[in-house]
Amino acid sequence: MSKEYDLVILGGGTGGYVAAIRASQLGLKVAVVEKGKLGGTCLHAGCIPSKALLRSAEVFATTKRSEEFGVITKDVTLDFLKVQERKNKITEQLYKGVQHLMKQGKIDVIEGYGRILGPSIFSPIPGTISVEMNNGEENEMLIPKNIIIATGSRPKSLPGLVIDGEYVLTSDEALQMESLPKSIVIVGGGVIGIEWASMLHDFGVEVTVLEYADRILPTEDHEISKEMQRLLKKKGVKLVTGAKVLPETLEKGEGITIQAEHKGETKSFTAEKVLVSVGRQANVENIGLENTEIVLEKGYIKTNEFFQTKESHIYAIGDVIGGLQLAHVASHEGIVAVEHIAGENPIQIDYSLVSKCVYSSPEVASVGFTEVEAKEKGFTVKVGKFSFRAIGKALVFGESDGFVKLVVDEVTDDLLGVHMIGPHVTDMISEAGLARVLDATPWEVAHTIHPHPTLSEAIGEAALAVDGKAIHA
Ligand SMILES: Cc1cc2nc3c(=O)[nH]c(=O)nc-3n(C[C@H](O)[C@H](O)[C@H](O)COP(=O)(O)OP(=O)(O)OC[C@H]3O[C@@H](n4cnc5c(N)ncnc54)[C@H](O)[C@@H]3O)c2cc1C
């Protein structure tokens with residue numbers, strides 16, 4: 001059976017399903033091919049489930065220190081199955097929401113595995129999509145005018161470090177754990193590794209992080225990494241930076257032992273489980289790219305600024321094209337691609353305006369250049385910093401660690417980057433994002449009167465601090 005469409009989207013993750021909604025708004029006849037569940041990694045194995053677990057960990061940790069707030073609790077214990085149940089319920093609710101949106105937009109959802117075919121009786125150019133149906137029925141043939149590849153990514157491991165799902169896990173398996181281990185070694189101190197380190201520590205697990213770079217969160221501003229390192233260590237998380245894990249040394253016995261080279265010595269680390277969080281790789285295999293002229297670069301699909309591949313009617317967005325592998329980036333890329341298909345002349349994405357968040361405790365959020373990046377780009381920079389310690393609302397929350405840092409061009413006064421670590425900063429970064437989009441100066445940020453008492457006052461004070469005018473410093 002064959003069906004014709006204006007657009008077929010391969011993969012119904014955050015990138016794919018948002019692109020489908022935008023296409024439907026623009027009057028395109030659109031279908032999404034999804035082999036698993038609509039919502040993809042973000043909804044089922046990423047953003048949402050991990051944040052649900054982080055929230056339970058935060059509640060548990062806060063309850064344990066409730067006496068500080070004058071709230072006396074006894075025998076605080078954890079029911080991890082209930083924690084998982086809550087996480088699954090949230091995911092399920094959102095999943096239903098996405099299914100509803102597909103119906104509302106009259107978007108065909110084809111449940112199966114899609115592959116792009118070469119020129120065929122259906123089409124003289126590569127682009128027919130053959131779908132191996134999940135229900136075992138005969139393959140469907142979709143004949144689209146345009147295609148968006150949004151097949152996402154999957155966890156990577158180190159060569160030789162085999163994921164067995166029981167002792168050696170990635171975030172995919174860790175999210176499904178029915179009970180917590182007593183101890184864990186996390187290989188990789190990037191965003192996912194640090195979120196898990198923070199969460200598992202707050203749940204009471206003994207955590208060791210082994211990071212190859214000389215600092216955790218190596219893509220963040222140096223001062224943010226340093227502060228996170230200090231705060232996690234203070235909590236009791238063991239952090240070993242500059243550690244080269246030797247996968248071949250992994251031994252399973254009473255627990256798992258793995259060795260790493262660190263400061264010229266080989267050291268052993270033992271725990272009940274190992275969590276590997278060393279990055280993600282694009283799902284580019286077995287989707288029919290060989291039937292097209294599409295080019296890969298370092299394992300990711302290469303596109304132009306409007307996400308067209310070398311086949312101009314085939315676009316690619318989201319994790320499968322690399323860059324910032326974030327849900328909000330995938331969905332925005334999807335919108336730009338669809339608007340380009342519809343001839344809407346969309347604005348190109350400036351990735352230096354994208355906010356990035358780490359949902360650990362404390363949280364981290366940033367937008368724009370780090371201080372080092374700005375200097376490397378040739379800017380002469382000045383910096384404004386303000387600590388949450390002097391912010392009333394942070395003291396009220398009982399969470400006054402961390403700071404806001406503004407990186408500013410000394411010559412033009414342009415805001416180059418904003419970096420935050422502390423309470424609820426992931427909900428505060430959008431102000432900085434807007435300031436960057438509007439090309440605001442620190443003066444304009446400070447001139448935006450921040451309500452008192454709020455955590456956002458730290459942004460206003462940091463803006464004043466750029467020229468030494470912070471009030472509560
Ligand atoms: C633990 C974890 C936490 C994360 N937390 C955050 C966060 O807090 N914030 C954030 O912004 N990002 C977060 N991310 C990243 C985010 O999940 C991804 O950037 C986002 O999901 C990418 O969207 P996508 O549409 O490109 O791909 P995906 O969401 O991976 O979707 C791809 C979809 O394509 C389907 N598919 C693949 N191949 C085929 C095929 N041949 N046929 C049919 N269907 C196919 C898959 O089943 C999948 O549903 C997290 C990731 C992880 C792993």
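One-based numbering along the sequence shown. Atoms within a ligand are numbered from 1 in the order they appear, just like the ligands themselves.
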So is G114 polar-close to ligand 1, meaning N/O to N/O under 3.5 Å? yes
Salt bridge present between E285 and R154 (N-O < 4.0 angstrom): yes
How far is atom 14 (N) of ligand 1 from its nearest protein heavy atom, and which residue and atom name does that atom have? C47 SG, 3.9 Å
What atoms in ligand 1 come closer than 4.0 Å to a heavy atom of A150? 32 (C), 33 (C), 34 (O)
Evaluate the criterion salt bridge (charged side-chain N to carboxylate O under 4.0 Å, His left out) for residue pair R55 and E58; output intermediate values, then yes/no. CA-CA 5 Å; R55 173 69 178 141; E58 186 191 19; 3.1 Å; yes
At a 4.0 Å threshold, what atoms of ligand 1 neighbour a non-hydrogen atom of Q325? 15 (C), 19 (O)
Report the nearest protein non-hydrogen atom to atom 27 (O) of ligand 1: residue, atom name, distance rounded to 0.1 Å. G152 CA, 3.2 Å
Closest approach of any protein heavy atom to atom 46 (C) of ligand 1, naming residue and atom: E34 OE2, 3.5 Å
Give the residue, atom name and distance (to 0.1 Å) of the protein heavy atom nearest atom 5 (N) of ligand 1. K51 NZ, 3.2 Å
Below 3.5 angstrom, do we get any N/O pair linking H328 and ligand 1? yes
We want to know whether D214 and T241 form a side-chain donor-acceptor pair, criterion being a heavy-atom distance below 3.5 angstrom. no
Please state which protein non-hydrogen atom is closest to atom 38 (N) of ligand 1 and give its distance, to 0.1 Å? T151 CG2, 3.3 Å
Quick one: does S50 get an N or O within less than 3.5 Å of an N or O on ligand 1? no
Ignoring angles and geometry beyond distance, decide whether C42 reaches within less than 3.5 Å of ligand 1 through its nitrogen or oxygen atoms. yes
What I'd like to find out is whether the side chain of L26 reaches to under 4.5 Å of the side chain of E344, using heavy atoms alone. yes
To the closest 0.5 Å, what do you measure between CD1 (I258) and CG (L158)? 7.5 Å
State the CG-CD1 distance between L406 and I459, to the nearest 0.5 angstrom. 8.0 Å
How long is the gap from CG on L239 to CE on M228, to the nearest 0.5 Å? 9.5 Å
Is there a side-chain contact (heavy atoms from CB on, under 4.5 Å) between L142 and V131 once you walk through the steps? CA-CA 8 Å; L142 312 179; V131 185; 3.8 Å; yes
Determine whether any heavy atom of G112 lies closer than 4.0 Å to an atom of ligand 1. yes
T14 and S331: side chain donor to acceptor below 3.5 Å: no
Does even one non-hydrogen atom of R280 get within less than 4.0 Å of ligand 1? yes
Nearest protein heavy atom to atom 19 (O) of ligand 1, by residue and atom, and its distance? D319 OD1, 2.8 Å
I'd like to know whether ligand 1 has V320 as a neighbour, heavy-atom separation below 4.0 Å. no
Counting only heavy atoms not in E137 (residues, nucleotides, ligands), do more than 12 fall under 6.0 Å from its CD? no
Counting heavy atoms only, which of G36, A282, G46 comes nearest to atom 2 (C) of ligand 1? G46
Closer than 4.0 Å to some heavy atom of G318 - which atoms of ligand 1 meet that? 26 (O)
Test item: R65 side-chain N/O and G398 main-chain N/O as donor-acceptor pair under 3.5 Å: yes
Who's closest to atom 34 (O) of ligand 1 heavy-atom-wise, of C357, S331, G11? G11
Among protein heavy atoms, which lies nearest atom 36 (N) of ligand 1, and at what distance? K35 CE, 3.8 Å
Go through the structure and list residues passing ring pair (Phe, Tyr, Trp, His ring centres under 6.0 Å) with F203, not counting sequence neighbours. F80
Sequence neighbours left out, cut at 3.5 Å: what donor-acceptor pairs do the side chains of residues 186-200 make with other protein atoms?
unit_1 : atom_1 : unit_2 : atom_2 : d
E195   : OE1    : K51    : NZ     : 2.9
E195   : OE2    : K51    : NZ     : 3.4
E195   : OE2    : Y359   : N      : 2.9
S198   : OG     : S361   : N      : 2.8

Taking the six-membered ring of Y5 (Phe, Tyr or Trp), confirm whether the NZ or CZ of K145 is under 6.0 Å from its centre and within 45° of its axis. no
For atom 52 (C) of ligand 1, which candidate among T170, L53, I116, I192 holds the nearest heavy atom? I192
Checking S352 against R436: is there a side-chain donor and acceptor pair closer than 3.5 Å? yes
Taking only heavy atoms of S171, which atoms of ligand 1 are found under 4.0 Å from at least one of them? 1 (C), 53 (C)
Give the atom numbers and elements of ligand 1 that come within less than 4.0 Å of a heavy atom of Y359. 8 (O)
Examine A327 against ligand 1 and note whether any of their N/O atoms are separated by less than 3.5 Å. yes
Heteroatom distance test (A45, ligand 1): nitrogen or oxygen, under 3.5 angstrom: no
Tell me, which protein residue and heavy-atom name are nearest atom 31 (O) of ligand 1, and how many Å apart are they? G13 CA, 3.3 Å
